[in-house]
Amino acid sequence: MNNLKTLRGTIDLLPEQLIKWQNVERIIKEQLLRASVKEIRTPIIEMTELFIRGIGEGTDVVNKEMYTFTDRGKRSCTLRPEGTASVARAIINNGGINGSPHKLWYMGPMFRYERPQAGRQRQFHQLGVEFIGYQSPISDVQIISLAWQLLQKLGISELNLEINSLGDSCDRKAFQKSFLKWLEQNFDELDQDSKERIYKNPLRILDTKNVKTKELLENAPRLNNFLSEKSIERYSIIKQKLELLQIPYVENLKLVRGLDYYSHTAFEITSGALGSQATVCG
């Protein structure tokens, strides 16, 4: 047994560590109970097609990071890399749970095959909150406020909130057409990673870490110039409400999320106390 070790990117949680772990879980559950958010539990393993359709075939998660295998029934199965797709499937499979709006949360292990580093493992634990059937921008503010308060309650310091609007699908389609044309005109100057993304998931190029490409993107079309009046109004309401709640924020017009199902409000909360792996919520 001495030669048997944990797989790379996985860790054991020993009794001393679990005391802290369980304290974090207790605080999380207390906060969610106060916010009238109910728990849902979905399987750790799902049909691969769920994540291809739900997350997006051109995303890094689907293309590079999923733990996928064929089971004995010759079905393609995947260890869940995130929770939203599974929650959406559960709602659909169970008849929309009577068709009424729901505030749901889940917590548990997720799996992504990526390079392990400080604060990032291949099996990691994630808390997710899903508001199903809520159209109002107030619901976005509620989720941001819930996340902000929860992180403060957990004692995480030096919190910073960045927000952006991705608009709706029509806004993004108009922007993507213009952005793609610009990318094609500047193809030779892009870094290799961005070149590979250009026809798969071009919006992710906005989030590049390549310094040269970042400088090049300063001259690219901007998504905020393609937002409809309705999207702009929604975004303005969110900013006004955050200010009323005294939650400080910074607008980051290049903030995008890596999964295809995102629309309208994108946000990330980082901590200046955590070093390079600073993002704690999004």
Side-chain angles (χ1 to χ4, degrees), residues 11 13 15-44 80-88 90-91 94 97-98 100-111 119-121 123-164 237-250 255 257 259 261-262 264-275 277-282:
I11 58 172
L13 292 173
E16 295 79 7
Q17 295 168 302
L18 277 173
I19 293 173
K20 296 179 180 179
W21 190 279
Q22 289 164 350
N23 187 48
V24 167
E25 290 179 335
R26 177 185 59 78
I27 293 171
I28 287 172
K29 290 177 181 179
E30 287 175 355
Q31 291 293 108
L32 292 168
L33 181 63
R34 289 194 189 100
S36 300
V37 186
K38 297 180 180 180
E39 183 180 8
I40 185 171
R41 298 188 184 186
T42 61
I44 290 176
R80 63 184 184 192
E82 58 93 54
T84 298
S86 293
V87 171
I91 295 291
N94 290 279
I97 314 183
N98 303 321
S100 58
H102 297 279
K103 296 180 180 181
L104 304 171
W105 69 270
Y106 56 84
M107 184 163 53
M110 309 287 168
F111 304 85
R120 189 181 289 266
Q121 299 292 333
Q123 177 180 319
F124 59 97
H125 284 70
Q126 178 175 302
L127 165 69
V129 175
E130 310 286 350
F131 284 12
I132 309 294
Y134 291 86
Q135 299 293 331
S136 169
I138 303 303
S139 62
D140 291 1
V141 177
Q142 289 175 336
I143 285 186
I144 294 172
S145 176
L146 176 60
W148 188 263
Q149 293 171 7
L150 178 55
L151 294 171
Q152 287 184 321
K153 195 76 174 179
L154 290 171
I156 301 175
S157 61
E158 300 180 41
L159 294 177
N160 304 288
L161 168 65
E162 292 186 349
I163 63 171
N164 189 25
I237 291 172
I238 288 168
K239 290 187 286 186
Q240 290 169 9
K241 297 300 182 183
L242 289 174
E243 288 164 7
L244 284 173
L245 291 170
Q246 297 185 325
I247 298 177
Y249 66 86
V250 173
L255 177 63
R257 302 295 294 169
L259 311 182
Y261 55 68
Y262 285 106
H264 288 300
T265 311
F267 77 93
E268 286 188 355
I269 301 176
T270 59
S271 169
L274 295 180
Q277 295 298 329
T279 303
V280 290
C281 180

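Nothing fancy with the numbering, it's 1 onward along the sequence. Worth knowing before you read on, the calculation uses all heavy atoms, side chains too, and leaves out hydrogens, waters and symmetry mates.
If you take CG on L13 and CD on Q22, they are separated by 9.5 Å, rounding to the nearest 0.5 Å. Between T279 atom OG1 and E162 atom CD the span is 8.0 Å, to the nearest 0.5 Å. The distance from the NE2 atom of H102 to the CD atom of E130 is 13.0 Å, given to the nearest 0.5 Å. Expressed to the nearest 0.5 Å, how far CG of L161 lies from CG of L151 amounts to 10.5 Å. A distance of 8.5 Å separates CD1 in I27 from CG in L150, rounded to the nearest 0.5 Å. Here the CD-CD1 distance, from E30 to I28, works out to 10.5 Å after rounding to the nearest 0.5 Å.
Here the side chains of K29 and M107 are in contact, with some heavy-atom distance below 4.5 Å. You'll find the side chain of T42 reaches within 4.5 Å of the side chain of R80, heavy atoms only. Contact annotation: the side chain of I269 never approaches that of I156 to less than 4.5 Å [non-hydrogen atoms, C-beta and beyond].
Screening H125, R26, E16 against W21 for a side chain to side chain contact (heavy atoms under 4.5 Å, CB included) leaves a single residue, H125.
Applying the side chain to side chain contact (heavy atoms under 4.5 Å, CB included) test to F131 and every residue at least two apart in sequence or in another chain returns V37, K103, V129, Y134, S139, Q142, I143. Residues satisfying the side chain to side chain donor-acceptor pair (under 3.5 Å) criterion with S86, sequence neighbours excluded, are E46.
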Could you go through W148 and C281, starting from their C-alpha distance and side-chain angles, then the distance that decides it, and tell me whether this counts as side chain to side chain contact (heavy atoms under 4.5 Å, CB included)?
CA-CA 9 Å; W148 188 263; C281 180; over 6 Å; no
Before you tell me yes or no, could you show the steps for I91 and L104 under side chain to side chain contact (heavy atoms under 4.5 Å, CB included), namely the whole-Å CA-CA distance, both residues' side-chain angles and the distance that decides it to 0.1 Å?
CA-CA 11 Å; I91 295 291; L104 304 171; 3.9 Å; yes
Evaluate L154 against V24 for side chain to side chain contact (heavy atoms under 4.5 Å, CB included), listing each step before the verdict.
CA-CA 7 Å; L154 290 171; V24 167; 3.9 Å; yes
Run the side chain to side chain contact (heavy atoms under 4.5 Å, CB included) test on T265 and V141 for me, step by step, so that the C-alpha distance in whole Å, both residues' side-chain angles and the decisive distance to 0.1 Å come before the verdict.
CA-CA 9 Å; T265 311; V141 177; over 6 Å; no
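Considering every non-hydrogen atom in both L255 and A266, the closest pair reads CD2-O, 3.8 Å. In plain terms, the two heavy atoms of A35 and L146 that are nearest each other are CB-CD1, 4.0 Å. Closest approach of F124 and F111 over heavy atoms only: CE2-N, 4.1 Å. Of all non-hydrogen atoms in S271 and S157, the two that sit nearest each other are OG-O, 2.7 Å. Nearest heavy atoms, Y106 versus I40: CB-O, 3.4 Å.
Applying the 6.0 Å contact sphere to NZ of K239 captures more than 12 heavy atoms from other residues, nucleotides or ligands.
Using modelled atom types, one side-chain atom of E82 and one backbone atom of T84 make a donor-acceptor pair closer than 3.5 Å.
Residue pairs meeting the salt bridge (Lys or Arg N to Asp or Glu O under 4.0 Å) criterion with at least one partner in residues 131-157, sequence neighbours excluded, are D140-R234.
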